[in-house]
Each structure stands twice: as structure tokens, then as C-alpha cells.
Amino acid sequence: MSIDESTAARVAKLARIRVEEDALPALAGEFNTILGFIEQLGEVDVEGVEPMTGVTPMRLKRRKDVVTDGNQQDKILSNAPDAREGFFAVPKVVE
Amino acid sequence: MLDLTFEPPKPKVIAGAKHDWELVIGMEVHAQVSSRAKLFSGASTTFGAEPNSNVSFVDAAMPGMLPVINEFCVEQAVRTGLGLKAAINLVSAFDRKNYFYPDLPQGYQISQLYHPIVGEGEVLVELGEGIARMVRIERIHLEQDAGKSIHDMDPNMSFVDLNRTGVALMEIVSRPDIRGPEEAAAYIAKLRQILRYLGTCDGNMQNGNLRADVNVSVCRPGEYEKYWETQDFSHLGTRCEIKNMNSMRFIQQAIEVEARRQIALLEAGGEVVQETRLYDPDKGETRSMRSKEEAHDYRYFPDPDLLPLEIEQTWVDEIAAALPELPDARKARYMSDFGLTDYDASVLTAEVETAAYFEAVAQGRDGKLAANWVINELFGRLKKEDHDITSSPVDPAQLGGIIDLISRGDISGKIAKDLFEIVYTEGGDPAEIVEARGMKQVTDTGAIEAAVDQVIADNPAQVEKAKANPKLAGWFVGQVMKATGGKANPKAVNDIVQAKLGL
């Protein structure tokens with residue numbers, strides 16, 4: 001698989017990262033290097049091997065269904081560039 | 001065993017300008033899990049709280065915060081799966097679905113794309129006596145809800161409330177087995193009923209706790225059967241997804257409108273483009289959600305913050321053993337044990353609260369009589385004042401008391417209605433009311449005979465007529481009932497009238 005400049009531009013847009021036009025060739029090149037490395041892994045025979053989804057031999061930690069958090073509206077909103085009447089205020093997004 | 005003999009309903013056919021078309025519908029129902037705390041944080045799920053007050057730093061996606069799963073939400077998903085006769089996956093896993101929106105602080109939704117917790121199941125959707133559709137469930141997965149954006153509080157800004165952010169949802173995905181708008185509504189209603197019986201979702205559609213994305217496509221008659229034989233989707237038309245519907249009425253309208261749009265497009269030589277659309281009930285049309293066009297690339301990947309979710313079969317078995325009786329089983333039991341009709345059994349089992357009320361009344365009494373009183377008298381009266389069963393002024397013990405008085409012959413059916421009205425408006429113990437107000441039925445034949453004699457003596461002309469036409473005996477019964485203030489036993493009166501008139 002090979003990433004061209006337009007694919008690199010699309011990925012950047014999906015990730016909401018601004019990439020200037022003249023930086024796209026280099027970015028596409030980096031993607032291709034990374035994919036090339038990943039493709040190398042395809043050479044390993046993993047027939048019959050369970051996929052490893054974590055590196056720690058532990059069980060997923062669970063919580064009881066108890067309310068232990070919240071009631072901190074001021075803290076939640078403290079980083080917001082704009083907050084009004086307890087809400088985050090953002091530029092209008094409407095379908 | 002349940003009697004599951006039924007005929008499938010006929011698919012809805014829409015006549016286009018050129019041909020007939022059939023509808024094919026699949027649904028993704030988002031059901032908010034009933035729990036105290038959120039799926040991955042300890043913030044409350046309470047609806048209607050002060051904005052941004054039920055928010056933890058996990059929900060607000062503050063750097064360094066880690067999700068920890070709420071085991072009760074997992075239990076609820078398992079319970080739902082069992083209720084839909086579905087396969088439970090002992091190993092499931094969470095993935096990130098990446099997209100940007102102001103009400104999604106993480107920039108991704110934690111969901112289960114590749115390994116959902118629940119696999120294939122089924123829902124029996126009844127559409128009339130002996131007519132039902134078995135809708136196959138493809139999967140149920142657990143995921144986070146997003147926050148709420150409010151667009152009408154300011155002309156230039158949208159306001160965002162994160163209280164709902166991170167609340168657990170079950171996404172229940174059906175196969176494309178639904179064949180018309182009415183079936184779609186009936187499917188949601190049945191799913192809602194099962195969830196409410198299970199206690200895994202409150203089913204409140206108005207608050208958005210149960211909402212659906214509806215996939216609609218159209219095909220020519222005969223094509224669906226080919227799909228059914230092969231399970232090959234190429235026999236079906238291209239589908240469009242109508243997002244975020246939380247009203248049964250609008251779901252039906254939207255399906256109809258969208259199907260007609262696709263038919264017009266196809267008959268004009270065009271093609272349906274697979275896309276996400278919104279239904280506008282004011283304009284009666286669906287329109288493309290342009291913002292979602294390029295958002296379809298969600299770049300799913302396993303969430304590195306969460307290990308796979310492994311559960312034990314013994315735990316699943318415990319949940320299964322404690323499963324409540326579900327609507328189909330309860331309805332069948334009402335029909336076999338209480339001798340109720342299909343219709344009455346459906347009415348009484350529709351809501352879990354209604355069924356509980358009925359059972360409390362029917363306990364140790366005549367089930368049919370109890371059903372009649374609950375459905376005809378109580379429901380009728382509640383409806384008049386826009387009450388529902390949970391706010392009924394008459395409790396099951398009181399209604400049962402009235403029925404006991406009827407069964408013992410202490411009061412007549414007519415008096416029972418008066419008594420019901422008194423209990424409904426004033427409260428009190430029915431037996432005491434009957435005693436205190438002298439409403440007891442007169443079963444003393446001597447007293448009734450005297451009343452009959454009096455009526456006969458007063459109306460010689462009617463006596464002659466009745467002898468010629470025995471049907472007129474009813475008039476005498478009516479007169480005697482009137483004379484005794486409705487307290488005479490009507491059967492006894494009838495017998496005595498017949499005897500005295502020599503009929």
C-alpha cells in the first residue's frame with residue numbers, strides 16, 4: 001500500500017491537523033516508511049497464535065455502579081474559551 | 001412451551017409510476033443502559049441535571065484520565081442479550097471510533113466494532129393475531145453516548161452540555177428483516193417492551209433514551225426472496241440511513257418518505273447513493289447530512305486504554321437464572337392460565353407495570369373477571385383523566401376487594417360500577433363502603449318476591465302483554481331492579497319474574 005499526497009491531505013483533515021501544501025510530500029513519505037515497517041510484520045508466521053491485545057497479564061479492571069464523581073461544573077468549564085450559563089459555548093454547528 | 005405458530009406479514013408494497021416496489025428496513029437502536037453511573041466514569045446518569053454537573057474528568061477527556069468500566073453496565077448488556085435469546089460473547093473488546101464534534105470531547109467514541117459483547121439473537125414482532133415477524137438481531141455492542149448540543153439558545157453559538165457524555169448505550173443492530181413502516185414501529189415497540197421488562201433501559205423515547213437509526217432501501221418484488229435464500233446483499237437496493245429518530249410516528253413517516261424518494265430517483269433512471277440522511281417532520285422530507293460525508297472514515301482501532309472484556313460463563317448463567325418472565329412468555333401464560341383472549345393478554349402485558357398490577361388483582365381470583373375490570377373499568381377511567389397505571393387512585397387490593405364482593409354475590413355488577421367510582425374518587429375499603437352505605441345485594445328471595453308482586457300488581461296491562469310476548473319480561477326485571485335501588489340480584493329477580501308471570 002502506498003500513500004499519495006491527496007491521501008495524506010485527507011488523513012490530516014480527518015485528524016484536524018493543519019498541514020501546508022508544501023509539507024504534504026514529506027508527510028506522505030513518512031507514512032509510507034511507517035507502513036513499510038508494518039508490512040514487514042506481515043512476514044512473520046502467526047498461524048495459530050492468539051492476537052496479543054495487551055502487554056500486562058491482568059484482567060480488565062471494573063468499577064461498581066456507584067456515583068463517585070461530578071458536581072464540578074466550574075472545574076469542567078475552567079479551560080473553556082467561552083462558557084455561558086453552565087454550557088460550553090462554541091461556534092454554531094447545525095445540521 | 002410457547003406457541004410460536006404464526007404467519008409472516010405481507011411486505012409493504014409502494015406503487016411507483018412504473019412498477020411496484022417493496023421496502024427493506026434494518027435498524028440500529030440505541031438504548032441507554034439503566035445504571036446509576038456512566039460506562040467508564042463515576043459521574044451520575046441522572047437526566048435533567050444542571051448542565052455540565054454530571055461530568056467527571058474522564059468524560060471531559062482531560063489529559064491522563066483513564067476509563068474504568070462499570071461492571072453493572074456489562075451485566076445489563078448481558079441481560080439484554082439473554083432476553084433477546086442471543087449468543088453472549090465471553091470475550092469482547094473496545095475500539096475507538098474517531099470523529100470530531102463539539103459534544104465529543106475525546107475526539108473518539110469508545111465502542112465495540114470488531115468484538116461486540118452480544119452476538120446473534122431474535123425478536124418476535126407481533127402484528128395481529130397469528131401474524132408476526134421474526135426479526136433477527138445481528139449484534140449488540142456497548143458504547144459511550146455523546147453530549148448534547150443546543151442550537152437555539154443563541155443566534156451565533158451552539159451550547160454544549162456534557163452530562164450525557166459517556167453514559168452507556170447498547171446499540172442493538174437488526175438484520176434487514178423489517179418490511180414496512182408499521183413493522184418498524186412494531187419492532188421498536190417490542191424491543192422497548194422487552195428492555196423495560198428486563199429493566200435494562202427505561203425506554204423513554206422523549207428523553208432520547210431509546211432512539212433509532214433506520215436503514216431503508218427499496219427493491220422490486222421477488223428480489224428480497226433471492227436475498228433471503230442466499231443472504232447476498234447484492235439482490236437488495238442501496239440503502240440510506242436516517243439518523244436519530246426518537247418518535248414512532250416520525251419513524252413511520254420517514255421510512256415512507258425516504259422509500260418514495262428512492263423510488264422516484266430509480267424510476268427516473270438515477271441511482272441511490274449510500275449516505276446518512278435526516279428526517280425533517282415539518283417539511284416531510286429527508287435530506288442529506290453533508291457534514292457526515294467525509295466523517296465516514298472513522299479509523300477504528302482497538303482502544304489501548306482498555307484490556308479485552310472477559311466474562312465467565314458461570315456469571316452469565318447466574319444472570320440467565322435470574323431473568324424475569326418476558327412479554328411473550330407472560331402473554332402465553334395469561335392466555336393459558338387465566339383463559340384470556342389474545343387481545344386482552346396483549347393489552348395487559350404491554351407495559352410491565354400494567355402486568356404487575358393485573359397479577360396482583362388476579363391473584364387468587366377469577367382471571368377473566370380481573371382482566372375485564374382492569375381493562376374496561378380501570379383503564380377507561382384512568383384514560384379519562386390522563387392518568388397511567390402507576391398513578392392509579394385505586395390500588396390492586398381495592399380493585400381486588402370489589403371483585404371479591406361481586407364474586408361472593410354481595411353486590412351486583414351495576415352496584416360494583418358505582419362502588420368503583422366511589423373508591424376511585426374517595427378511596428377507602430370496598431367492603432366497608434358497601435356495608436356502611438347499604439349497597440349490599442338483596443338475595444333474600446322473600447324481599448325480591450314482594451317487590452315483584454308489587455310491580456305485577458301495579459301494571460296489569462304490561463302483564464297481559466308479557467304473557468303474549470315473553471321477551472317483555474325484561475321490563476319487569478328492570479322495574480324491580482329500580483324499585484330495589486339496583487341491589488337485588490338480577491338473576492334471582494329474573495327467575496322470580498319468569499315464575500310469577502308463568503312464562
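Letters A, B, ... are given to chains in the order of the sequence lines, protein chains preceding strands, and every chain is numbered from 1.
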Heavy-atom distances under 4.5 Å only: say whether B/N156 touches chain A with side chain, backbone, both or neither. backbone
Which region of B/L39, side chain (C-beta onward) or backbone (N, CA, C, O), has a non-hydrogen atom less than 4.5 Å from a non-hydrogen atom of chain A, or is it both or neither? backbone
Counting heavy-atom pairs closer than 4.5 Å to chain B, which one of A/V90, A/D65, A/D74, A/L77 comes out on top? A/D65
When you check the side-chain N and O atoms of B/T314 and B/D317, is any donor under 3.5 Å from an acceptor? no
Sequence neighbours left out, what passes salt bridge (Lys or Arg N to Asp or Glu O under 4.0 Å) with A/K92? Give chain and number order. none
Tell me yes or no: between the side chains of B/H30 and B/E28, is some donor less than 3.5 Å from an acceptor? no
Considering only heavy atoms, which portion of B/P302 lies under 4.5 Å from any heavy atom of chain A: side chain, backbone, both, or neither? neither
Turns out that what part of B/D154 lies under 4.5 Å from chain A's heavy atoms comes down to both
Per-residue contact mode, B/P155 against chain A (heavy atom under 4.5 angstrom): backbone
Using a 6.0 Å distance limit plus a 45 degree cone around the ring axis, check whether B/K97 lies over the aromatic ring of B/Y298. yes
Identify the residue among B/Y300, B/Y108, B/F40 that makes a ring-ring contact (aromatic ring centres under 6.0 Å, His included) with B/F94. B/F40
When only pairs under 4.5 Å are counted, which of B/S158, B/A37, B/A93 shares the most heavy-atom pairs with chain A? B/S158
Is the CZ atom of B/R261 crowded by more than 12 outside heavy atoms at less than 6.0 Å? yes
Go through the steps for B/E71 and A/R63 under the test salt bridge (charged side-chain N to carboxylate O under 4.0 Å, His left out), then give the verdict. CA-CA 6 Å; B/E71 64 183 359; A/R63 229 167 12 85; over 6 Å; no
Among residues 109-119 of chain B, which residues come closer than 4.5 Å to chain A, judged by heavy atom distances? none
Only distances under 3.5 Å count here; give the side-chain donor-acceptor pairs of residues 47-56 of chain B to other protein atoms, sequence neighbours excluded, each with its distance to 0.1 Å.
from: B/N52; atom 1: OD1; to: B/L162; atom 2: N; distance (Å): 2.8
from: B/N52; atom 1: ND2; to: A/G86; atom 2: O; distance (Å): 2.6
from: B/N52; atom 1: ND2; to: B/V160; atom 2: O; distance (Å): 3.3
from: B/S53; atom 1: OG; to: B/E50; atom 2: O; distance (Å): 2.6
from: B/N54; atom 1: ND2; to: B/T46; atom 2: O; distance (Å): 3.2
from: B/S56; atom 1: OG; to: B/S41; atom 2: OG; distance (Å): 3.4
from: B/S56; atom 1: OG; to: B/V58; atom 2: N; distance (Å): 3.1
from: B/S56; atom 1: OG; to: B/D59; atom 2: N; distance (Å): 3.3
from: B/S56; atom 1: OG; to: B/D59; atom 2: OD2; distance (Å): 3.2

Among residues 74-83 of chain B, which ones touch chain A with a heavy-atom distance under 4.5 Å? none
